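One structure below.
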Amino acid sequence: MTLSLYNTLTRKKEPFAPIEQSNVRMYVCGPTVYDFAHIGNARPAIVFDVLFRLLRHVYGPEHVTYVRNITDVDDKINARAAERYPGLAPEAGIRKLTEETAAQFHKDIAALGVLPPTHEPRATENIAQMVEIIVALLAKGHAYVAAGEVLFDTSSMADYGQLSKRNLDEQQAGARIEVEAHKKNPGDFVLWKLSEPHEPGWESPWGRGRPGWHIECSAMSARYLGQVFDIHGGGLDLIFPHHENEIAQSRCAHGTPVMANVWMHNGFLQVEGEKMSKSLGNFITINDLLATKMFGGSQWHGRVVRWAMLGSHYRQPIDWTVDRLVQARATLFELSFLRDAPVAGQPHPEVVAALSDDLNTPSAISIIHGLAKSAHRNGDAAAQLKSTLQFMGLYGNETQEELNPGFVARSVDTAAVEGLITARLAARKAKDFKESDRIRDALAAMGITLKDSKDPATGEIVTSWEVAR
RNA sequence: GGCCACGUGGCGGAGUGGUGACGCAGCGGACUGCAAAUCCGCGUACCCCAGUUCAAUUCUGGGCGUGGCCUCCA
């Protein structure tokens, strides 16, 4: 089976061929840790987690290296830390803020079934590597010092703009923002800038300062994956300027023809048909979905969020709606019959094939629906379905109560339910259907749905119950 | 102004140059004391206009609409 992936660099779907079969290398831009991660941040985390799982399946778990960084040096972080921890020294406040936010991020995406990457480097632990790259860029004439900054000289790179297909000469320079006078070209970007005493800073050949945004990814990817690696991923919005500038820095510093062979970008997300923004009041964090009833008046299990996210192809735009979550939850409810099934090991080949076609998760889910039909009657099929779902991170043996956290808050009195069921069975046996229906209605009012079935061996009626949808 | 996506039935959402994926909801039936679950079956779609073609939802051009980037926003 061939794995094919859509490459932003060529705007085509291409067969994937790793540089080394024994070490497939992927880098994905991680979060800037100054606030709760929003639902848009969850998309690349989930999408590239699926790719990580697929690569591990194809090449073997020990032959895949996945790096997702944490950006913990950033002016937004500085501002937020000063605001939240005015009593602390800047460095202490920043450390506290970034550690708390990173911990929350880990908690959030773990709930979404996202596996930890192989390495999760932090920008602040790679300053020396960044300085090295900047030194090399200066030495090779790709960078210059001006007004207390080190800047990348975009005119020094003949094929700058390949990824975003942008020709900087044709861009309207200064259309939206005034060109800063010290730049040689409007598109030049900061590699290093000097820090004021109250700002965080590191010593460098150019004085105490801090790195620009793009340089960290160049430094960390080279450190953990080498100067040329296989896959680089992130959100659509990162194509320009972030990834374009990463490419410029890395290639010019290392003298390589490419930085990564395949560039992948996930599509954007809207909320109920509108752009997500704080001003519209529809800004929604992962934590809001998991732990509050802000969205649709319900809490949502991480597995439900993941299912809803993978219902769309990763490059398509996705409209995040309550209805979408409701449907995802209903599907997972239906799959909860798998709780009793054993796990069979390998994921279903058709599902792997669908994922191998540029991560076609909607197609994979369609195949899963087909598998579910036979799984109802066939124990082997159930086991394979279960392992397939676990492979995709879509199943964790959750109970229906767990899948419906809002319901748990109302709390089910299991003993009372069991007692009523026993009473109903007795009434049924006595053909007192009026009483038996009364009990069932009473349970329904409590949010309990009953299912009668016959024990195949004895012919006895057995009643099970579940949380109503 | 430049660049880039997207527009499929009530909803979600794949895919394809030619017999209408799949799921949810809906409808009919089987099963059930009645239900639920399960099983069987059914319906409605490809933004608009041209062009290419024997044939276009699928290719080309134009239009309209939505979104993104061009400002360290996934």
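Quick caveat: nothing in here was measured; it's all calculated off a predicted structure. Both backbone and side-chain heavy atoms feed into the values below; hydrogens, waters and symmetry mates do not. Chain A is the first sequence line, chain B the second, and so forth, proteins listed ahead of strands; every chain is numbered from 1.
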On a plain distance test, is the side chain of [X] in donor-acceptor contact with the base of [N] below 3.5 Å?
| X | N | value |
| --- | --- | --- |
| Gln327(A) | G23(B) | yes |
| Arg440(A) | A35(B) | yes |
| Thr321(A) | G12(B) | no |
| Arg166(A) | C69(B) | yes |

When you measure from the side chain of [X], which nucleotide among [options] comes out closest?
| X | options | answer |
| --- | --- | --- |
| Arg324(A) | U38(B), A74(B), G13(B) | G13(B) |
| Lys373(A) | C72(B), G23(B), G68(B) | G23(B) |
| Arg11(A) | C72(B), C39(B), A5(B) | A5(B) |

Checklist entry - Does a donor on one side chain sit under 3.5 Å from an acceptor on the other, for Ser156(A) and His142(A)? => result yes
Next on the checklist: For His38(A) and Phe283(A), take the angle between the two ring planes, folded into 0 to 90°, and tell me which bin it lands in: parallel under 30, tilted 30 to 60, perpendicular over 60.
Outcome noted: perpendicular
Checklist entry - When rounded to the nearest Å, what value does the distance between P atoms of G10(B) and G26(B) take? => result 16 Å
Checklist entry - Distance under 6.0 Å and angle within 45° of the ring axis: does Arg315(A) meet both against Tyr6(A)? => result yes
Item to check | Cationic N near anionic O, under 4.0 Å, Asp153(A) to Lys184(A) | outcome: yes
Checklist entry - Can we say Arg166(A) and Glu244(A) salt-bridge, meaning some charged N sits less than 4.0 Å from an Asp/Glu carboxylate O? => result no
Next on the checklist: Can you tell me if Arg329(A) touches the phosphate of C24(B), counting only side-chain N or O atoms and a distance under 4.0 Å to OP1 or OP2?
Outcome noted: no
Checklist entry - At under 4.0 Å, does any side-chain N or O of Lys431(A) touch on OP1 or OP2 of G33(B)? => result no
Next on the checklist: Enumerate the ring pair (Phe, Tyr, Trp, His ring centres under 6.0 Å) contacts for residues 352-381 of chain A, please, sequence neighbours excluded, ordered by first and then second residue.
Outcome noted: Phe337(A)-His376(A)
Next on the checklist: More than 12 heavy atoms of other residues, nucleotides or ligands under 6.0 Å from NZ of Lys107(A): yes or no?
Outcome noted: no
Checklist outcome for this item: Heavy-atom nearest nucleotide on RNA chain B taken for Asp452(A) and for Lys165(A); more 5' hit belongs to Lys165(A)
Checklist entry - In residues 243-250 of chain A, which ones come under 4.0 Å of RNA chain B, going by heavy atoms? => result none
Pairwise N/O distances under 3.5 Å, protein to nucleotides 14-17 of chain B:
unit_1, atom_1, unit_2, atom_2, d
A14(B), OP1, His313(A), N, 2.8
A14(B), O3', Asn360(A), ND2, 3.1
G15(B), OP1, Asn360(A), ND2, 3.3

Checklist entry - So what does Leu238(A) touch, heavy atoms closer than 4.0 Å: a base, only the sugar-phosphate, or nothing? => result sugar-phosphate
